[in-house]
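Take a look at the structure set out below.
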Amino acid sequence: MQSEQFNILTLNDFQWLNEPSNWNLCDNVLKVSTDNKTDFWQETWYKFHFNTGHLYGIDIKDDFTFQACIEADFSQLYDQAGLMIYLDEKHWLKTGMEYNDGQPMIGSVLTNEVSDWATGAFTGDPKKFWIRLSKIQDTVCIKYSTNKKSWLLLRLCPFPVNDTYFVGLMCCTPQRMGLNVKFSDIVLTTPMTDILHSNC
């Protein structure tokens with residue numbers, strides 16, 4: 001998909017990487033119930049390699065901003081849902097809410113052969129939040145919002161340049177099944193010139 005098609009995109013145009021057993025798409029709202037032992041992770045600390053998480057995405061050729069509202073009751077260790085940009089098993093970035101240290105935390109994982117993990121406390125209601133992933137050339141910027149009005153910087157990082165990027169909605173539960181996630185308010189646009197400092 002190229003930028004001139006962004007305004008006609010719907011979730012019906014997306015496809016699954018690791019389709020879950022239970023999901024529903026209606027009126028451009030995606031609802032998913034996660035399968036067991038689903039995750040994206042490569043090597044670091046745990047020494048395991050997972051590429052089993054659910055990702056509902058689309059191939060994008062041009063620079064973009066992808067945004068969604070995400071609702072879920074994160075309650076068990078490593079429950080997670082958010083957005084993802086994916087090239088292959090060893091090159092991707094996921095971002096969103098993940099249950100850790102006894103509470104839902106906002107964070108991101110960047111994988112370039114091996115995974116890192118950056119996370120922090122979330123000041124709003126973790127059961128409903130907005131997250132935005134922007135890519136310009138070789139840079140990705142992630143921002144999140146508790147109210148869809150003010151946007152806070154979560155991460156700015158390099159990302160490999162590629163002909164296409166598989167971008168979409170991600171959820172995983174490494175230690176259980178049945179996290180119910182609702183993805184709505186999906187927006188795909190060309191990015192603002194200043195993806196780092198824009199707050200709208």
Side-chain angles (χ1 to χ4, degrees), residues 14-20 32 34-60 64-68 70 72 74-122 126 129-144 152-179 181 183 195-196:
F14 285 45
Q15 60 184 355
W16 282 108
L17 173 66
N18 305 321
E19 182 177 351
V32 180
T34 57
D35 292 345
N36 192 21
K37 297 181 179 178
T38 47
D39 199 6
F40 294 101
W41 187 264
Q42 291 296 327
E43 182 64 27
T44 306
W45 180 251
Y46 301 102
K47 305 307 177 189
F48 54 58
H49 303 85
F50 277 111
N51 197 55
T52 56
H54 307 305
L55 174 58
Y56 192 57
I58 190 167
D59 287 318
I60 298 176
F64 65 87
T65 290
F66 185 62
Q67 178 181 307
I70 298 166
F74 305 92
S75 60
Q76 296 191 37
L77 186 62
Y78 305 138
D79 284 1
Q80 60 191 273
L83 306 182
M84 191 167 187
I85 178 171
Y86 181 97
L87 297 184
D88 56 42
E89 188 171 348
K90 296 293 186 72
H91 301 90
W92 48 261
L93 183 149
K94 65 179 179 179
T95 183
M97 203 69 65
E98 183 166 357
Y99 195 91
N100 187 52
D101 291 335
Q103 62 182 310
M105 308 279 277
I106 192 78
S108 61
V109 174
L110 175 64
T111 295
N112 186 1
E113 299 295 333
V114 295
S115 297
D116 74 11
W117 187 13
T119 188
F122 186 71
F129 66 100
W130 286 260
I131 194 152
R132 174 187 291 168
L133 190 158
S134 299
K135 187 204 77 74
I136 293 182
Q137 298 177 3
D138 62 351
T139 301
V140 166
C141 181
I142 301 166
K143 292 191 172 186
Y144 69 95
L152 301 173
L153 177 66
L154 182 62
R155 185 169 194 148
L156 183 73
C157 62
F159 197 79
V161 173
N162 203 54
D163 291 337
T164 61
Y165 303 82
F166 191 63
V167 180
L169 310 166
M170 174 278 305
C171 55
C172 311
T173 44
Q175 298 195 4
R176 63 138 164 168
M177 62 182 296
L179 174 66
V181 186
F183 299 94
I195 54 176
L196 178 59

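Since the structure is predicted, the reported quantities are computational estimates derived from the model, not experimental observations.
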Taking [X] for its side chain and [Y] for its backbone only, find out whether a donor-acceptor pair lies under 3.5 Å.
X: His49; Y: Glu89; result: no
X: Thr95; Y: Gly107; result: yes
X: Lys143; Y: Leu196; result: yes
X: Ser115; Y: Thr44; result: no
X: Asp116; Y: Leu110; result: yes
X: Ser108; Y: Lys94; result: no
X: Thr52; Y: Lys37; result: yes

- Cut-off 3.5 Å, side chains only: do Gln42 and Asn51 have a donor facing an acceptor?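 Result is no, nothing qualifies.
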Close side-chain approach of [X] and [Y], heavy atoms under 4.5 Å:
X: Ile131; Y: Gln67; answer: no
X: Tyr56; Y: Val32; answer: no
X: Leu153; Y: Cys141; answer: yes
X: Val140; Y: Cys157; answer: yes

- Message: Once you measure the plane-to-plane angle for Phe50 and Phe48, does it fall in the parallel (<30°), tilted (30-60°) or perpendicular (>60°) bin?
- Response: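 Rings of Phe50 and Phe48: perpendicular, as their planes differ by over 60°.
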- Message: side-chain contact (heavy atoms from CB on, under 4.5 Å), that's the test. Do Glu98 and Met105 meet it? Break it down for me.
- Response: CA-CA 5 Å; Glu98 183 166 357; Met105 308 279 277; 5.8 Å; no
Please report the shortest heavy-atom distance between [X] and [Y], naming the atom on each side.
X: Ile85; Y: Leu133; result: CG2-CD1, 4.0 Å
X: Trp41; Y: Trp92; result: N-CZ2, 3.6 Å
X: Cys172; Y: Thr38; result: CB-O, 3.1 Å
X: Ala72; Y: Val181; result: CB-CG2, 4.0 Å
X: Ser75; Y: Arg176; result: OG-NH2, 3.6 Å
X: Gln137; Y: Tyr165; result: O-OH, 4.1 Å

Distance check, rounded to the nearest 0.5 Å: [X] atom [atom1] versus [Y] atom [atom2]?
X: Leu152; Y: Ile106; atom1: CG; atom2: CD1; result: 9.5 Å
X: Leu55; Y: Leu17; atom1: CG; atom2: CG; result: 5.5 Å
X: Thr34; Y: His54; atom1: OG1; atom2: NE2; result: 5.5 Å
X: Phe40; Y: Met84; atom1: CZ; atom2: CE; result: 4.0 Å
X: Phe159; Y: Thr139; atom1: CZ; atom2: OG1; result: 11.5 Å

- Message: For a ring-ring contact (aromatic ring centres under 6.0 Å, His included) check, start with the C-alpha distance between Phe122 and Tyr144, then their side-chain angles and the critical distance, and finish with the verdict.
- Response: CA-CA 10 Å; Phe122 186 71; Tyr144 69 95; 5.6 Å; yes
- Task: Might you work through the side-chain contact (heavy atoms from CB on, under 4.5 Å) test for Arg132 and Ile142, ending with a clear yes or no?
- Result: CA-CA 6 Å; Arg132 174 187 291 168; Ile142 301 166; over 6 Å; no
- Go through the steps for Phe66 and Phe64 under the test ring-ring contact (aromatic ring centres under 6.0 Å, His included), then give the verdict. CA-CA 6 Å; Phe66 185 62; Phe64 65 87; 7.3 Å; no
- Query: Can Gln76 and Tyr99 be said to form a side-chain contact (heavy atoms from CB on, under 4.5 Å), step by step?
  - Reply: CA-CA 6 Å; Gln76 296 191 37; Tyr99 195 91; 5.6 Å; no
- Task: Starting from the C-alpha separation in whole Å, work towards a yes-or-no answer on side-chain contact (heavy atoms from CB on, under 4.5 Å) for Leu83 and Leu169.
- Result: CA-CA 5 Å; Leu83 306 182; Leu169 310 166; 3.7 Å; yes
- Message: Testing Asp39, Asn100, Thr173 one by one against Gln80 for a side chain to side chain donor-acceptor pair (under 3.5 Å), which residue passes?
- Response: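 Only one of Asp39, Asn100, Thr173 forms a side chain to side chain donor-acceptor pair (under 3.5 Å) with Gln80, namely Asp39.
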- Partners meeting side chain to side chain contact (heavy atoms under 4.5 Å, CB included) with Asp59 (sequence neighbours left out):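 Scan of Asp59 (side chain to side chain contact (heavy atoms under 4.5 Å, CB included), adjacent residues dropped) gives Gln15, Thr164, Phe166.
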